[in-house]
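Below is one structure; the comments refer to it alone.
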Number of protein chains: 2
Amino acid sequence: MASIKDVAAEAGVSVATVSRVLNDHPSVSADARTRVLAAVETLGYRPNAVARSLRTDQTHTLGLVISDVLNPYFGELARSVEEEARALGYSVIIGNADERPDLQDHHVRNLLDRRIDGLLVSPTDGGSPLMLDAVRAGTPMVFVDRWIPGVAVPVVRADGRAAVRDLVAHLHGLGHRRLAIIAGPAATTTGQERVAAFREALQAYGLELPEAYIGQGDFQAESGRRVTEGFLDLPEPPEVVFAADNLMALGALDAVRARGLRVPEDLALAAFDDIPWFVHTDPPITAIAQPTGDLGRAAVRALVDRIEGRPPESVTLPARLVVRRSCGENPNPVQRSTS
Amino acid sequence: MASIKDVAAEAGVSVATVSRVLNDHPSVSADARTRVLAAVETLGYRPNAVARSLRTDQTHTLGLVISDVLNPYFGELARSVEEEARALGYSVIIGNADERPDLQDHHVRNLLDRRIDGLLVSPTDGGSPLMLDAVRAGTPMVFVDRWIPGVAVPVVRADGRAAVRDLVAHLHGLGHRRLAIIAGPAATTTGQERVAAFREALQAYGLELPEAYIGQGDFQAESGRRVTEGFLDLPEPPEVVFAADNLMALGALDAVRARGLRVPEDLALAAFDDIPWFVHTDPPITAIAQPTGDLGRAAVRALVDRIEGRPPESVTLPARLVVRRSCGENPNPVQRSTS
DNA sequence: GGAAGCCGTGTAATCGATTCCACAAGGAGG
DNA sequence: CCTCCTTGTGGAATCGATTACACGGCTTCC
């Protein structure tokens with residue numbers, strides 16, 4: 001593959017001049033410029049990004065470490081991150097942590113070794129020494145969706161409090177009083193917050209959230225199934241299950257079906273994180289939708305701001321409730337064709 | 001960040017010795033080795049992958065260019081690719097081409113500039129000059145899922161012929177005679193093949209595939225909707241629609257619903273590419289399932305074989321039919337709880 | 001007419017690793 | 001005791017770019 005030296009030889013100039021043309025430095029004669037460009041053309045020359053990175057100490061690459069690419073929420077996040085990064089001249093290397101702190105560390109280490117310019121992380125845990133060291137060492141970093149408390153890193157996330165209040169109002173309006181939640185891992189901020197928001201919203205209606213109605217999940221479908229089975233085995237099962245993410249909601253749906261029960265007649269169901277498929281499930285599932293694309297884009301902008309020396313900003317966007325049929329009678333029956 | 005020179009100074013040896021220790025070269029005294037390792041430890045030294053790549057001309061990175069990360073099929077493919085690559089010591093940079101040849105070229109160029117060791121591509125078109133040049137220049141490459149005819153590059157894919165025959169047998173057995181297909185882009189091999197396989201299977205039952213029953217889609221949901229509406233407007237609409245991918249099937253489902261019609265009573269539906277959500281749609285959708293994870297892993301192994309000088313192998317794995325309820329009466333009613 | 005400044009260009013140092021080659025020390029063998 | 005090999009080590013070239021510095025040739029101004 002042709003190098004800058006070959007181009008210089010072909011054009012009859014020095015490598016310095018070639019470099020100047022390529023980085024359109026002002027002081028280069030029109031004559032030299034055209035000769036260099038011609039040489040570039042005939043040789044099919046493309047600058048070696050590796051060599052350039054070594055010299056400039058910039059890779060124009062961002063790292064994105066998320067917990068589960070198969071979760072459509074993170075899939076959409078990854079997509080918007082890549083798009084915005086590309087628009088700003090950066091590439092993205094994605095690491096899938098699978099909710100495992102050791103895998104997360106593996107990816108962070110690997111990305112740091114590759115000297116990525118900045119790191120976008122949705123942490124699976126409270127922060128490993130490695131990650132804290134990286135922050136301390138000054139690696140540009142931004143947290144998306146989840147974050148690590150007490151670490152001075154900008155956070156881009158959605159606030160679901162209002163939407164959870166709307167959800168509880170909706171459920172209460174439908175007559176439900178025994179509400180349960182399938183929580184995410186306590187080590188994640190989203191795991192904790194959603195339970196807290198739910199409890200708070202219940203209190204506004206004088207409702208309790210008993211321990212038995214808090215099931216411990218791990219954001220994967222299987223845990224949703226397990227927890228839901230536990231709920232159904234209770235002497236007094238809940239009337240509604242609120243899953244803290246979409247995958248666990250799916251597991252819950254499976255569990256209900258497996259017993260020959262029906263949603264929402266026997267057990268109502270709602271989920272955090274909306275996805276296109278929720279429109280098509282039987283029944284369509286009521287969910288809290290995050291502005292995922294906006295989050296991804298905002299996160300990239302914050303990170304690139306930080307990388308390029310501008311002050312980065314934390315961003316919090318509101319989530320919103322999308323009512324469908326999985327919690328009971330549609331509140332807006334005019335829209336439905338008769339069953 | 002500490003460099004190899006700092007380590008050498010700290011350990012009181014030359015950089016050559018440090019490098020030898022790090023690459024565990026045999027001729028290094030036990031004494032020097034321990035001193036170097038101690039220095040590495042105290043400085044928290046990590047080798048600069050960029051510098052190493054420049055010198056060795058290996059990045060230990062693979063490029064993966066796919067057409068749509070939001071499609072769960074490609075999401076799963078990307079995940080298995082990343083897993084297998086990691087197991088073999090490689091990282092993966094993913095490029096999303098969005099079915100657009102220009103974007104595909106952008107990613108290929110970017111990846112080549114970064115001197116990735118090899119490229120995994122699921123081409124959106126018949127092959128741009130850029131891609132053909134890359135092959136000619138000897139860039140290790142493997143095609144996954146789709147390929148470009150006439151190009152000497154190993155292909156890893158699923159063969160759906162047998163499964164399509166099974167599907168047509170299933171449909172015929174249910175009494176359906178007017179079968180239509182929503183095709184993928186003619187520029188993709190999968191787009192063409194699935195139509196060909198469908199037509200062939202129909203012939204075995206003496207059935208025709210008239211032009212009016214071949215709708216041109218682009219593997220995106222919206223096109224599935226549009227084509228299905230066209231089918232429904234025909235003087236004699238089909239009894240079954242077979243969508244060449246999962247997203248178009250979803251669009252078809254939407255279109256049927258929007259008219260107040262029902263699946264499968266008014267129109268039966270089947271899809272190529274199975275996804276977890278198809279179990280939960282209303283009704284559950286009959287689909288042809290590819291061994292996606294196996295494809296991803298096989299593709300990575302073939303590519304790494306090629307990179308490391310072993311002869312790479314093309315791989316074809318069979319897809320299989322998964323019958324659910326979207327084409328009519330369940331052939332195995334014992335399994336169902338009464339409606 | 002000479003000093004000062006600008007413009008375009010080339011030489012060479014540099015980034016952080018790997019690796020060829022030279023060389024010193026020490027043991028084996030004649 | 002001298003030669004020859006082996007073993008461990010360091011010096012320096014190298015990968016392909018960027019960029020500080022120097023320099024030659026011109027213009028400009030006093």
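To find a chain, count down the sequence lines: A is the first, B the second, and so on, and within it residues start at 1.
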Using chain B heavy atoms and a threshold of under 4.0 Å, write down where along DNA chain D the contacts begin and end, 5' to 3'.
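The contacted stretch runs from D:dG8 to D:dG16.
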Salt-bridge present ([X], [Y]; N to O < 4.0 Å):
X: A:D145; Y: A:R157; answer: no
X: B:R100; Y: B:D102; answer: yes
X: B:R146; Y: B:E99; answer: yes
X: B:D31; Y: B:R35; answer: yes

Under 3.5 Å, is there a donor on one side chain and an acceptor on the other for A:R114 and B:S91?
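The criterion, which ignores hydrogens and geometry beyond distance, is satisfied for B:S91 and A:R114.
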Should the heavy atoms of other residues, nucleotides or ligands under 6.0 Å from CD of B:E41 be counted, would the total exceed 12?
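Open: at most 12 neighbouring heavy atoms sit under 6.0 Å from CD of B:E41.
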Grab the two heavy atoms, one from A:L120 and one from A:A299, that are nearest each other, plus how far apart they are.
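Residues A:L120 and A:A299, closest heavy atoms: CD1-O, 3.9 Å.
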If you apply the rule side chain to side chain contact (heavy atoms under 4.5 Å, CB included), what do you find for A:L103 with B:R86, and how did you get there?
CA-CA 11 Å; A:L103 249 187; B:R86 176 154 37 81; 3.3 Å; yes
Let me know the distance between CE of B:M1 and P of C:dA17, rounded to the nearest Å.
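Atom CE in B:M1 sits about 10 Å away from atom P in C:dA17.
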Once you round it to whole Å, what is the distance between C1' of C:dT11 and CD1 of A:I4?
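Whole-Å distance recorded here is 14 Å.
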Hey, could you give me each pair passing side-chain hydrogen bond (donor to acceptor under 3.5 Å, both in side chains) that has a residue in residues 125-135 of chain B? Not counting sequence neighbours.
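Qualifying pairs: B:Q104-B:D125, B:D105-B:S128, B:D133-B:R136.
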Does anything in residues 37-62 of chain A come within less than 4.0 Å of DNA chain C? Heavy atoms only, and list the residues if so.
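The answer is A:L54, A:R55.
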May I ask you to list the residues of residues 9-30 of chain A, by number, that have any heavy atom positioned under 4.0 Å from an atom of DNA chain C?
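Only A:V13, A:S14, A:A16, A:T17, A:R20, A:S27, A:V28, A:S29 qualify.
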So, the side chain of B:S122 versus the backbone of B:I66: is there a donor-acceptor pair under 3.5 Å, distance only?
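No: the side chain of B:S122 does not pair with the backbone of B:I66.
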What is the distance from atom CG of B:L112 to atom NE2 of B:H107, rounded to the nearest 0.5 Å?
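The distance works out to 12.5 Å.
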Bending between helix ends of the helix from C:dG1-D:dC30 to C:dG30-D:dC1 [5 pairs per end, 10° resolution]:
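Rounded to the nearest 10 degrees, the bend comes out at 60°.
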List the residues meeting side chain to side chain contact (heavy atoms under 4.5 Å, CB included) with B:D68, not counting sequence neighbours, and say none if there are none.
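B:D68 satisfies side chain to side chain contact (heavy atoms under 4.5 Å, CB included) with A:R79, B:L70, B:N71, B:Q220, B:L247 once adjacent residues are dropped.
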Taking side chain as C-beta onward, heavy atoms only, is A:T61 less than 4.5 Å from A:D117?
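The answer is no, as the side chains (C-beta and beyond) never meet within the 4.5 Å cut-off.
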